[in-house]
Structures are given as C-alpha cells and as structure tokens.
Amino acid sequence: MELTPSQTRAVKHSEGPLLVVAGAGTGKTLVIIQRIAHLISSGLARPEEILALTFSDKAAREMEERLDVILPMGRFGYTISTFHAFGDSVLREKGLTIGIDTDFRVLTRPEQALFLREHLFELNLSYYRPLGDPTRFIDAIITLISRVKDEDISTGEYIRYVSALEERLKGKPDDEELREFLEEQRELAYVCRRYQELMAEKGFVDFGDQVNLTLKLFRAHPRILGSCQERYRFIFVDEFQDTNYTQFQLIRLLGKRFRNIMVVGDDDQSIYKFRGAAISNILKFKEYYPDATEVVLTENFRSTQRILDAAYRLIQNNNPERLEIRNNIDKRLKSARSEDIPILYLPYSTVSDEADGIASLIEEKVSGGTYSYSDFAILVRANKDARPYIRELERRGIPFIFSGSSGLYEQTEVKLLLSFLRVISDPNDNLSLHHLASSDIYNISMHAITICASMGRKLNIPLHLIFKNLQEHPRTGDISDEDKEKITRFILETYSYIEYSRSASPGEILYKFLLDSGYLKRVSDPDHSLSALKIRNVARFFEKVEDFSRLTRYDSAMEFARHIDMLIEAGDEEAVTDIDSDEDTVKALTVHKSKGLEFRVVIMPGLVNERFPRKDSPEKIELPQDLIKEYLPDPENKGINKYHLQEERRLFYVGMTRARDELCITSARDYGGKRKKRMSRFVSEALDIEERIQNTEHRSQNEELRTRNSELGTNLPSPIPEDHVITLSYNQINNYLTCPLKYKYSHILNVSSLFRHHLRVYGEAIHKAIGEYLKLKTKKGHLVLDDLIRQFGKYCIGEGFISKEHNEKRLEEGRRILTDFYRKEEESRLIPAYIEKEFSFFIDNNRIIGRWDRVDEDNGLIKIIDYKSSAVLDKNRADKEARESLQLAIYSLAYDRTYKRMPDIVELRFLGSGITGSCEVMAINLDKAIKEIRDTGDGIRRREFPPKQDYNSCRYCEYVRICPAKGQQGEGGTIVDQ
DNA sequence: GGGACACTCTTTTTT
DNA sequence: AGAGTGTCCC
C-alpha cells in the first residue's frame with residue numbers, strides 16, 4: 001500500500017521522541033508496523049531492540065501478524081506485547097530482587113474480590129465493613145486499589161497522606177467533616193497496604209501489579225533498568241491516549257536513555273477514563289518531550305466526507321481541551337472516498353417503532369442487494385440498551401450476534417449444570433434440587449414437587465429426604481404413579497452421582513451427567529436451531545471447569561461448586577458469544593467494543609438524554625484529589641461533570657467514525673418510563689439543523705398494536721374465585737409486591753432454602769430476646785440483663801455469617817444494643833398492653849394475618865411499635881420510613897378492625913442506632929395500603945406471577961440462581977423455554 | 001426562584 | 001436503597 005506523505009514522515013523518522021496524532025481510520029497501526037519494518041530492514045535497529053506495547057492481547061496479536069507479513073525474515077527477536085504481559089515477563093525473570101515469588105499467580109478481579117472477602121476480618125476496618133453487610137464495599141475497595149496502582153501511588157505515599165491529614169486535623173480539632181474524612185482515608189490506606197502484604201504472602205499478583213511492580217522494580221534496581229534501557233532502544237506505544245499514569249512512567253523510564261519513544265494515538269478517541277486512562281498523557285506529551293517530532297495523520301481511508309464532517313462538528317464541542325487547540329494543529333479528517341450519502345437521523349415515537357424501523361432498514365438494504373447482514377453494526381452505549389433492537393431482529397429472523405460481556409451463567413443450559421453440581425455437592429440445597437427435578441431432564445411435575453416441598457417445609461426436612469422416603473409420608477397419595485416413578489429414578493441417579501463424585505473430577509461427573517441424561521444429545525439435535533449456541537455455552541462452561549482443575553489441588557465437584565458459586569457472587573462474568581465470527585450476521589455491540597473496528601453501515605440507536613450521554617456516576621470510593629499526580633485540566637471546573645460529558649462525546653465520536661458508507665442515528669420519545677425522553681444533545685451537535693429537519697419527516701409507519709401482553713393471558717390455570725378466601729401475611733404481600741414470581745417460588749411452590757441469611761439470624765435473635773423480656777414484663781415479671789443477652793446469644797449463630805469473626809462481631813453488637821434497650825426499658829415504668837399479639841382481619845375476601853410486636857397504651861393514646869434490628873441513623877429518615885411503611889399501615893388497619901378504633905401513633909424502633917421513627921396514624925396512606933393488598937389478592941387469584949425484573953428485586957433475591965426469568969431476554973439469540 | 005415531590009437510573013472493559 | 005434530576009406549584 002502507498003503511504004501518504006505524513007505517514008511516510010512518521011515511518012522514516014529516525015531517532016528521538018515522536019508523537020503521531022492519528023485520527024480515526026488514518027492507519028495508525030500501519031504506521032507503527034511500517035516504521036518497525038523500516039528500522040529493521042534499513043539496519044537502523046536490530047529486532048531485539050524493538051519493544052511495542054499495546055493494550056489488548058488481540059491488538060498485540062494483530063500487530064505481530066501484520067509485521068510478519070511485511071517482514072518475512074525479520075520475525076525473530078522483537079517484543080510485541082501488552083503492557084501487562086511485558087511487566088509479567090520482567091517480574092517472573094527479576095521479581096526476586098524486590099521480594100516477589102516469581103512463581104506468582106495472577107488473580108482476576110472476581111478472584112481478588114474473593115480473596116479480600118476471605119481476609120476481610122484481618123483488615124482493620126469499620127466504616128468500610130458494616131456488620132449488617134460486611135462485603136458491601138469490597139468491589140469499591142478493589143477498584144480503589146487498582147486506581148492507586150494506575151496512578152503510581154505507593155502504599156507508603158498513601159499512608160503519609162493520611163499522616164498529613166492528621167496534622168491538619170490537629171490544627172482544627174473541631175472540624176468534624178475532616179475527622180470523618182481522615183478516619184475513612186486511614187482505613188483505606190491501611191487496607192491497601194495490608195492487601196499488598198497478604199497477596200505477597202500467598203504469592204498472588206493482580207493486573208495492576210504487573211505494571212506497577214515492574215516500575216517499582218526498575219526504580220529500585222538501576223542495573224536491571226539499565227540493561228533494559230540498553231536493550232529496548234526503540235519503544236512504540238499504540239493507542240497512547242488510553243495509557244494510564246503508571247504506564248507512561250514506565251515508558252519514560254525505559255526510554256530515558258535513547259529517547260526513541262514513538263507514541264501513536266488520538267486524544268479524541270480516549271474513552272477509558274473509568275479504567276484509569278489519563279488523557280493528559282497525550283495532551284502533555286510535548287511538554288514532557290519538547291523536542292518531539294509531531295506528525296498528524298488526517299487522510300482517512302474509511303468513511304465518507306459527510307460522516308467525517310459530522311463527527312468533526314461534534315467533537316469541536318470538546319474544545320479547548322483538545323490537541324488540536326493545545327498543539328495548534330489541524331485534525332480535520334479528509335476522506336479518500338468520493339461517495340456522498342446523507343446521514344440518516346430517524347426520530348421515532350416509541351422504542352418498538354425504533355426497533356422496527358431499524359430492522360426494516362436492515363432488511364430493505366439487504367434485499368436491495370448491495371449489502372449483506374455482516375455489513376451492519378448496531379452500536380449501543382450500554383449492553384442492556386441493545387435489548388429491544390436485538391429482540392426485534394430475533395423476531396424477524398434476522399441473524400445477529402450480540403457481543404455482551406456476560407450472560408453465560410444465566411443461560412438455561414448452564415444454569416442447569418450449575419444446579420446439578422450444587423446438588424451433587426450438597427443435596428440439602430433445596431433450591432437447586434427443586435430446579436433440577438423440575439427441569440426437562442427429570443421432568444417431574446410441579447404438582448408433585450410442590451406437595452413434597454410443602455411437606456419438607458412443614459417437617460423441616462430437606463427435600464431430597466422427602467423424595468427418598470416417599471412412601472413413609474402421608475399425603476403422597478396425591479402424587480401420580482408416573483411422578484413417583486420419576487422421583488425414584490431421580491433420587492437414585494442423584495445419589496449415584498454423589499457416590500461417583502467421591503472419585504471423579506467435576507469435569508468427569510458433568511460429562512457423565514450430560515451423556516447419561518441424554519441432554520447433550522437433545523441439545524445437539526440438528527433440528528434445534530439453537531443447538532450450536534447451547535453447545536458452545538456448555539463447552540465454555542467446561543473450559544471454566546478445566547481452569548479450576550488446573551489451578552487447584554482439590555479437584556472435587558464439591559470444591560468446584562463452592563468455588564464457582566463464590567466466583568459468580570463475586571461478579572465473575574463470562575460472555576455468551578463471540579464477535580469474531582465470520583458468519584453473515586448483523587453485529588450488535590457497545591461503542592467501547594467497536595473501537596478499532598469498522599462497518600459499512602453503523603446504526604446508533606437510543607440517542608436520548610440520559611442514555612447517551614449517560615449521566616456521570618462517580619466511583620463509590622474516590623481517590624483523594626491530592627494523591628492524583630495526573631494533570632487534571634482546570635480542577636476548579638470539575639463538579640459540573642464537564643469531563644464526563646467530554647468523555648461521552650468522544651465515545652459518540654468513536655461510534656460515528658466506525659462507519660464506512662452510511663451512518664444512521666435514531667431515537668425515540670418513549671422508552672417505557674413515565675417520562676418522555678428528549679433527543680440526545682449529540683445529535684444536534686453532529687448534524688446541522690437542516691439535516692435534522694429533513695430527517696424529521698422520516699417516521700415509522702408501523703404503529704401496529706403490539707400484542708406482547710397477550711402471551712400472558714393464554715394458558716393460565718383457572719383463577720381462584722372471588723368468594724374464596726385467601727390468607728396473606730405482610731411478608732407474603734411484600735414478597736408479591738417485590739416480585740410476583742418470587743412469591744410463587746416462596747409461597748406456592750414452597751421452594752425454600754434451608755440456608756438462613758445472617759441478617760435474618762441476627763434479627764430473629766434480637767426479636768426473640770426482647771420478646772422474652774417484654775412478655776415477662778407484662779406479666780409483672782422480670783428478666784435480668786444477663787439472661788436477656790444469653791437468650792440472644794443462643795440464637796445468634798449460624799452458617800450465614802461471612803466468618804467466625806463476623807459472627808462474633810455481631811454478637812458483640814447485639815449485646816450492646818440489648819444493653820441499651822434494657823437500660824431504656826428499665827427506666828420506663830410503662831407496661832406494654834400487648835406483646836406479639838396475633839391479629840387477623842379481612843379486606844374483601846383477603847384474610848390478613850400477623851402479629852404486633854408491641855402495643856402500648858399511654859394516657860389513652862394507643863401506640864403500635866415494631867422493632868427493627870437495623871440502624872437508621874437519621875431521625876427524619878426514620879420518620880419517613882414509618883410513614884411509608886406498608887407493615888405499619890397493615891398493623892393500623894388490623895388494630896382498627898379488631899378494636900374498632902384507630903391507633904394514635906405508630907413507631908419503628910431501630911435498635912441498631914437507638915433511633916425511633918414515628919408518626920401519627922393520620923399521616924399514613926391507608927388507602928394506598930388497602931389498594932396494595934387488593935392488588936396482591938387479585939393477582940394471586942388470577943394466578944399471575946410475572947417476574948418483575950427489577951434492579952433491586954433481583955439483587956437480593958435468593959431465587960436468582962434458578963430463576964428462569966434471568967437471562968432470557970433474547971440476548972445471544974436464546975429464547976424463553978416455557 | 002426555591003421547595004416538595006416524582007421519577008429514573010445505577011455503564012463502559014482490559015489485563 | 002440512594003442519589004441525582006426534572007417538574008410542578010407557589
């Protein structure tokens with residue numbers, strides 16, 4: 001290929017620092033490769049003097065391959081690798097010099113989380129380890145640790161920073177805010193240090209270390225550094241705008257001797273701030289290297305001029321913090337192509353119209369003959385934004401690949417294998433047993449399982465034992481002979497797998513299971529259109545099994561089941577499909593993933609406010625500004641998320657410049673929420689008004705009625721009649737409102753796990769203890785503090801706690817709370833009217849049952865009290881909770897119906913903090929509560945249990961692991977099997 | 001112009 | 001669950 005004059009200038013550059021500002025599609029990798037080839041073939045450099053650094057393995061591989069092509073015999077000796085791989089090799093070779101076990105293992109992020117969790121109580125934490133939810137900050141802490149390493153901050157530095165804060169506080173001891181900040185920072189600084197020590201002890205290293213420790217090593221050992229400097233005479237960095245502070249320090253150090261540093265990048269394509277990228281590296285490169293040669297590449301070989309102009313118009317809005325301004329250069333891209341196709345902007349009224357319009361557009365263009373499916377890419381801001389468009393493609397049978405980064409563990413076939421493994425390693429795991437029994441492998445009817453499950457729940461016996469001793473239990477008459485047979489077979493097989501698992505590896509057991517059950521065969525049925533995908537998913541899962549086998553000494557199913565569960569809980573994610581497919585399919589992917597790729601037609605949907613640009617969400621734990629060495633332009637101007645908006649704009653820029661021929665951007669007003677969405681500001685920044693107005697004519701004709709909801713109406717069992725009484729507790733109502741499907745699992749199918757969460761164990765123990773005390777009090781008796789605490793201690797133990805230390809800390813906390821409680825109660829001479837008194841009343845034909853923790857009567861005022869073991873710290877918030885509590889509303893209604901008068905006051909007593917939230921009963925919205933009760937009753941009568949896939953509903957739901965609604969929205973081409 | 005309230009979103013990804 | 005933003009009403 002012929003090089004342009006500026007490309008040639010970069011390629012022929014001989015020595016000294018070189019900055020190549022290479023806009024999108026201007027051949028930046030080509031320039032690196034050509035220059036390397038040039039240096040080698042002209043004898044200016046020997047191959048082993050070349051060090052080229054990239055970010056991803058893929059980029060390194062590609063560069064190597066391309067270099068191979070043009071340098072057939074110079075193959076050997078040069079180093080092309082990622083920053084991490086380079087650091088890794090240095091550490092393995094020389095790590096001993098800074099006390100690193102060179103046989104270290106690199107922990108992935110979820111492994112780090114697990115590691116931290118394991119050692120959580122060896123860390124001196126309080127604020128960042130709340131006892132009610134000790135693991136809450138683990139992710140945030142790991143992010144912080146990684147940020148610290150990206151910013152080249154040593155633990156010593158961090159601790160010195162904390163000392164400085166201490167000094168500052170001494171100056172103004174009344175500054176509470178500063179004190180609090182100091183305490184938090186102190187915890188964090190010491191966690192960073194302790195983490196590092198613990199990792200070193202175990203011979204672990206994390207990704208951040210691979211670069212950071214290498215830098216540390218070079219700094220500590222000038223001789224090693226010197227020999228590396230001597231060796232790598234020419235250094236190349238691709239995608240320089242994505243380097244973080246530490247990486248740049250490493251490059252500077254390595255290149256100090258010869259200063260032959262060539263960096264290639266585009267400030268307008270810096271989109272990885274969230275993982276530490278320091279755009280200032282490229283912006284300030286010329287300040288670090290004033291003598292640097294600068295080459296600007298603006299000849300674009302990819303897109304039409306229209307697209308480039310629009311992108312340029314957009315990105316101008318990031319001025320003046322751009323190289324174009326700072327270095328006074330012209331970055332306007334010039335197209336090497338002559339086609340002129342208008343950019344489409346299509347505004348729709350609803351998402352389904354939008355999805356429809358996009359699918360139609362693709363179909364039309366493909367049937368027009370000039371395009372094939374693989375020419376199209378749908379670029380979204382976030383993975384989940386892709387859902388509606390993918391669903392429409394799927395509905396129409398348009399082949400597509402969605403390159404999500406997660407989802408493997410949510411696939412039906414993988415979930416089943418997980419359940420199988422859990423059952424094998426712990427047959428008492430009722431949830432998984434239930435899932436496995438009802439799967440289409442064993443196909444036992446829901447009816448039969450439900451009978452057994454209720455029996456198990458009542459007798460508090462694990463489900464598998466009910467299955468095993470079916471005859472011994474009374475109500476089994478209701479189970480058909482066919483089901484009985486299936487159950488017998490199921491339990492026999494399960495026990496035999498358990499037996500087998502004593503001697504076999506998890507891989508072997510899984511394999512046997514897949515063969516024996518015929519599942520593999522069924523899934524590989526060629527008539528089944530999804531078979532290939534499912535097999536791939538199963539295969540991927542097997543890879544995970546093998547990884548485990550390779551890395552652990554205990555290669556048993558039980559270990560594996562525990563390990564993988566913890567990994568998943570720690571946030572391990574595996575993708576379902578691969579974007580690198582040659583098949584003729586439409587590609588759907590995030591803009592981030594699209595970086596470096598190109599497509600003939602790029603479609604960017606969902607361009608509305610709050611989606612693109614997305615609003616800023618700062619890190620949960622932020623690194624203090626004072627510790628950041630990276631240059632932050634104009635730190636004054638920070639708050640108004642200007643940087644964030646700029647980064648989003650660059651992201652949009654990257655998306656637009658992926659298009660070769662056509663760019664189509666779309667938006668809708670209605671995305672399902674109550675509020676109508678406004679068009680993204682980026683649309684107007686990219687297109688001028690005329691273009692937009694012209695495009696406004698373009699609307700989807702397809703306003704047909706969507707009949708999606710009708711799916712719900714079909715095939716439902718007959719409803720429970722109106723006149724039939726159903727009984728509900730607050731807990732049931734609450735569950736139904738959280739998620740109807742959760743209600744079904746818990747109260748109809750009776751799937752319950754024997755596992756009790758630590759918060760429940762603790763809460764119940766507190767309740768039992770104070771209940772005991774108060775009951776005695778009403779009987780004019782007295783329970784002494786020691787006994788109160790003893791009562792509590794008896795119940796506050798269990799497997800649910802993170803560790804023994806966690807349990808002990810909770811016991812301590814409970815003792816403190818109870819002592820407080822005791823003291824207050826002893827002071828008060830008020831005798832409760834009722835303790836744990838039961839009630840029941842009707843709303844229509846819904847019988848509501850429950851019990852009041854406590855009712856007081858004081859000077860004719862009736863007060864209903866409910867105890868909470870949690871800690872709400874703010875009185876206002878506590879009052880608000882009391883006002884909005886469905887539970888208290890129900891309790892008030894119950895009191896009114898029972899005693900024909902309303903209570904006067906209701907209270908939530910948060911024992912954890914000693915704060916009481918109270919409100920007059922008048923302030924409670926009873927109508928709302930009644931409506932919620934009615935809705936629940938109606939839904940249950942209609943037997944409607946649709947999953948409510950809510951962020952929060954699912955986050956803390958114990959059924960997520962087996963819930964069929966998770967991961968079934970058509971991602972990766974999977975459909976719902978129902 | 002401000003306070004109360006309603007609504008909406010809780011990414012992006014590599015090593 | 002919690003924070004941030006938009007809207008409505010005075």
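Just so you know, these numbers come straight off a predicted model, no measurement behind them. To find a chain, count down the sequence lines: A is the first, B the second, and so on, and within it residues start at 1.
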Legend entry - salt bridge (charged side-chain N to carboxylate O under 4.0 Å, His left out) evaluation trace for A/Asp385 with A/Arg614: CA-CA 12 Å; A/Asp385 296 342; A/Arg614 211 113 183 150; 3.0 Å; yes

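- Looking at heavy-atom distances under 4.0 Å, A/Arg109 makes no contact with the nucleic acid at all.
- As judged by a 4.0 angstrom heavy-atom cut-off over every strand, A/Phe83 is placed among residues making no nucleic acid contact.
- The CZ-C1' distance, from A/Arg678 to C/dT7, rounds to 11 Å in whole Å.
- B/dT11 and C/dG4 have their P atoms separated by 16 Å, with the value rounded to a whole Å.
- With rounding to whole Å, A/Arg136 atom CZ is found 9 Å from C/dA1 atom C1'.
- Straight-line distance from the CD atom of A/Glu111 to the C1' atom of B/dT15: 13 Å, rounded to whole Å.
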Is there any protein nitrogen or oxygen under 3.5 Å from a nitrogen or oxygen in nucleotides 5-9 of chain B, and what are the pairs?
from  : atom 1 : to       : atom 2 : distance (Å)
B/dC7 : O4'    : A/Arg675 : NH2    : 3.4
B/dT8 : OP1    : A/Lys674 : N      : 2.2
B/dT8 : OP1    : A/Arg675 : N      : 2.4

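- At a threshold of 4.0 angstrom between heavy atoms, the contacts of A/Phe274 include nucleobase atoms, whether or not backbone atoms are also involved.
- Applying the 5.5 angstrom centroid cut-off and the 30 degree plane-angle cut-off, the aromatic ring of A/Phe207 is not stacked upon the base of B/dT14.
- When rounded to the nearest whole Å, the span between NE2 of A/His644 and P of C/dT5 equals 10 Å.
- Comparing B/dT13, C/dG2, B/dT15 by their closest approach to the side chain of A/Arg877 singles out C/dG2.
- Between the CG atom of A/Asn244 and the P atom of B/dT15 there is a distance of 14 Å, rounded to whole Å.
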Legend entry - Check against ring-ring contact (aromatic ring centres under 6.0 Å, His included), A/Phe612 and A/Phe652: CA-CA 8 Å; A/Phe612 207 159; A/Phe652 200 88; 5.1 Å; yes

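- Protein atom CZ of A/Arg658 is 15 Å distant from nucleotide atom C1' of B/dT12, rounded to whole Å.
- Atom CZ of A/Arg147 is separated from atom P of B/dT14 by 18 Å (rounded to the nearest Å).
- Two rings, from A/His757 and A/Tyr956, have their centers 6.0 Å or more apart.
- Here the closest non-hydrogen pair linking A/Ile802 and A/Pro134 is CG1-CG, 3.9 Å.
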Inset, instruction - Carefully, step by step, assess A/Leu908 and A/Tyr867 under the rule side-chain contact (heavy atoms from CB on, under 4.5 Å). - result: CA-CA 6 Å; A/Leu908 292 177; A/Tyr867 287 102; over 6 Å; no

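- Separating the CD1 atom in A/Ile153 from the CG atom in A/Leu144 is a distance of 8.5 Å, to the nearest 0.5 Å.
- As judged by a 4.0 angstrom heavy-atom cut-off over every strand, A/Asp57 is placed among residues touching the sugar-phosphate backbone only.
- The nearest whole Å value for the distance from the NZ atom in A/Lys593 to the C1' atom in B/dT11 is 12 Å.
- OP1 or OP2 of B/dT14 has not a single side-chain nitrogen or oxygen of A/Thr82 nearer than 4.0 Å.
- Between A/Tyr272 and A/Phe274, the distance separating the two ring centers is shorter than 6.0 angstrom.
- A sub-4.0 Å separation between OP1 or OP2 of B/dT11 and a side-chain N or O of A/Asn383 is absent.
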